[in-house]
Amino acid sequence: NTAIYSCIQGQYPITQNVTVVEGATANMTCRVDYNDNTSLQWSNPAQQTLFFGDKKALRDHRIELVRASSQELTIRINDVSLSDEGLYTCSLFTMPVRTTKAFLTVLGVPGRPEITGFTKPAMEGDVVTLTCTTSGSKPAATIRWFRNDKEVQGTKEVNATGKSFTVRSSLQFQVDKRDDGVAYTCSVEHVSLSKPYMTTEVLEVHYAPHLEITHSLIIPQEGQYFKLECVSIGNPIPEPVEWSKDGGELPDIERMIVEGRELTITTLNKTDNGTYRCEASNHLGSSSAEYILFVYDPNALGQHGPDHALIGGVVAVVVFITLCLIIVLGRYLARHKGTYLTHEAKGAEDAPDADTAIINAEGNHVHAEEKKEYFI
């Protein structure tokens with residue numbers, strides 16, 4: 001009994017720090033390994049007694065008893081607020097009283113972010129400032145910016161509001177037509193969140209038009225169906241599209257059909273040669289593009305057309321180069337073959353018979369230079 005009494009007198013209560021999100025529930029547990037019915041007590045950071053054993057001491061409907069025994073006192077704080085954060089004290093009423101502290105950390109959940117500072121639409125060349133704001137975080141939240149899927153850096157500002165923080169991040173940039181339709185996303189990250197809060201602003205940028213003309217045939221020929229299209233880039237979309245030929249109206253409206261941005265010539269002939277122009281505008285400006293049409297005579301191009309003529313020319317060049325290589329190679333081989341035969345015949349041309357010729361050929365190396373023949 002004396003040993004047990006010594007353990008009781010020398011021990012301290014055991015507690016653990018607790019972290020909860022604002023609005024959640026916090027369980028505070030205090031326990032001892034040995035006890036002889038000595039009471040346990042919980043006190044708040046203001047040193048107000050919450051529970052003395054199973055007796056509630058503070059009138060706060062959010063605080064309730066979970067378990068009270070000789071070895072444990074557990075209480076629950078519902079709907080935790082930022083003001084509940086601090087050091088809580090568990091006391092074991094021995095002689096002297098033994099106390100242990102436990103810190104309750106309350107995380108402030110950041111509010112949903114909002115993006116301000118952009119008025120639709122922006123004009124190309126305008127300087128735009130986007131500001132993302134989130135309030136109520138504790139500790140201060142982190143804000144990240146994304147241009148489509150690529151992260152961009154903003155300027156951060158943190159202000160304390162009571163026990164929580166208001167965080168702002170700003171982006172400033174000059175818009176051009178490449179920003180039209182681009183999504184700028186503000187992402188708020190915090191320890192209290194399982195995934196970031198995000199909000200997105202899609203930019204609308206107005207800019208002056210730019211026109212180009214595309215054509216359906218590479219080599220237009222008489223009698224063919226031919227189409228020109230005026231491809232326009234601009235916001236708002238530049239319209240209507242006006243077509244002209246050689247500075248005047250289209251001369252043959254029966255064969256030259258305009259549908260929206262397309263000009264179709266149903267049957268080409270030589271009179272269609274000339275410069276075709278399309279024009280369009282929006283409230284920021286106007287633009288134009290030109291195409292010079294030359295209609296070819298299919299008979300002049302040959303029976304097989306221009307592509308076959310080109311192929312024939314390439315084949316002729318290849319054949320010519322091949323013949324040149326054969327001639328050069330033949331001359332090289334002939335020269336070396338002639339030298340070889342002359343060496344074999346040294347001293348043999350004056351011999352009366354074959355045996356003498358062989359002997360002369362083998363023994364006349366001294367006069368080899370005089371006998372050598374060259375084929376040129």
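Applying the side chain to side chain contact (heavy atoms under 4.5 Å, CB included) test between Val205 and each of Asn235, Val175, Val182 identifies Val175 as the sole match. Between Arg62 and the choices Asp79, Thr25, Asp84, the side chain to side chain donor-acceptor pair (under 3.5 Å) rule is met once, by Asp84.
Below 30°, between 30° and 60°, or above 60°: for Trp42 and Tyr88 the angle between ring planes is above 60°, a perpendicular geometry.
At most 12 heavy atoms of other shown residues, nucleotides or ligands fall within 6.0 angstrom of atom CD1 in Ile237. When the shell of 6.0 Å around NZ of Lys56 is examined, it contains more than 12 heavy atoms from other residues, nucleotides or ligands. When the shell of 6.0 Å around CD of Glu151 is examined, it contains more than 12 heavy atoms from other residues, nucleotides or ligands. The environment of CD in Glu212 is sparse: at most 12 heavy-atom neighbours from other residues, nucleotides or ligands sit within 6.0 Å.
Residues passing the ring-ring contact (aromatic ring centres under 6.0 Å, His included) test with His190, sequence neighbours excluded: none. Contacts of Ser287 classified as side chain to side chain donor-acceptor pair (under 3.5 Å), with partners at least two apart in sequence or in another chain: none.
Ion pairing between a basic and an acidic side chain is recognised when a charged N comes within 4.0 Å of a carboxylate O; Glu279 and Arg277 show such pairing. A salt bridge is absent between Glu222 and Lys270: the closest approach of a Lys/Arg side-chain nitrogen to an acidic carboxylate oxygen does not fall below 4.0 angstrom. Between Arg147 and Asp179, at least one side-chain N (NZ, or NE/NH1/NH2) sits under 4.0 Å from a carboxylate O, which counts as a salt bridge. A salt bridge links Glu85 and Lys138; the closest N-O separation between the charged side-chain nitrogens and carboxylate oxygens is under 4.0 Å. Ion pairing between Lys245 and Asp272 fails under the 4.0 Å rule for side-chain N and carboxylate O.
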Mind listing the side-chain donor-acceptor pairs of residues 320-328 below 3.5 Å, one per line with the distance, residues two or more places apart or on another chain?
{"unit_1": "Thr322", "atom_1": "OG1", "unit_2": "Val318", "atom_2": "O", "d": "2.8"}

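Between Thr133 and Thr166, some side-chain heavy-atom pair lies under the 4.5 Å cut-off. Looking at heavy atoms from C-beta onward, Ser216 lies out of side-chain contact with Glu229 at the 4.5 angstrom threshold. Side-chain contact between Thr142 and Val188: absent, with no pair of heavy atoms (C-beta onward) separated by less than 4.5 Å.
Residue Val20 is not grouped with residue Val109 when hydrophobic side chains (ILVMFWY) are merged at heavy-atom distances under 4.5 angstrom, including chains of intermediate members. Linking Ile, Leu, Val, Met, Phe, Trp and Tyr residues whenever their side-chain heavy atoms come within less than 4.5 Å leaves Ile219 and Leu293 in two separate clusters.
Side-chain N or O atoms of Asn269 include one that pairs as donor or acceptor with a backbone N or O of Thr271 at under 3.5 Å.
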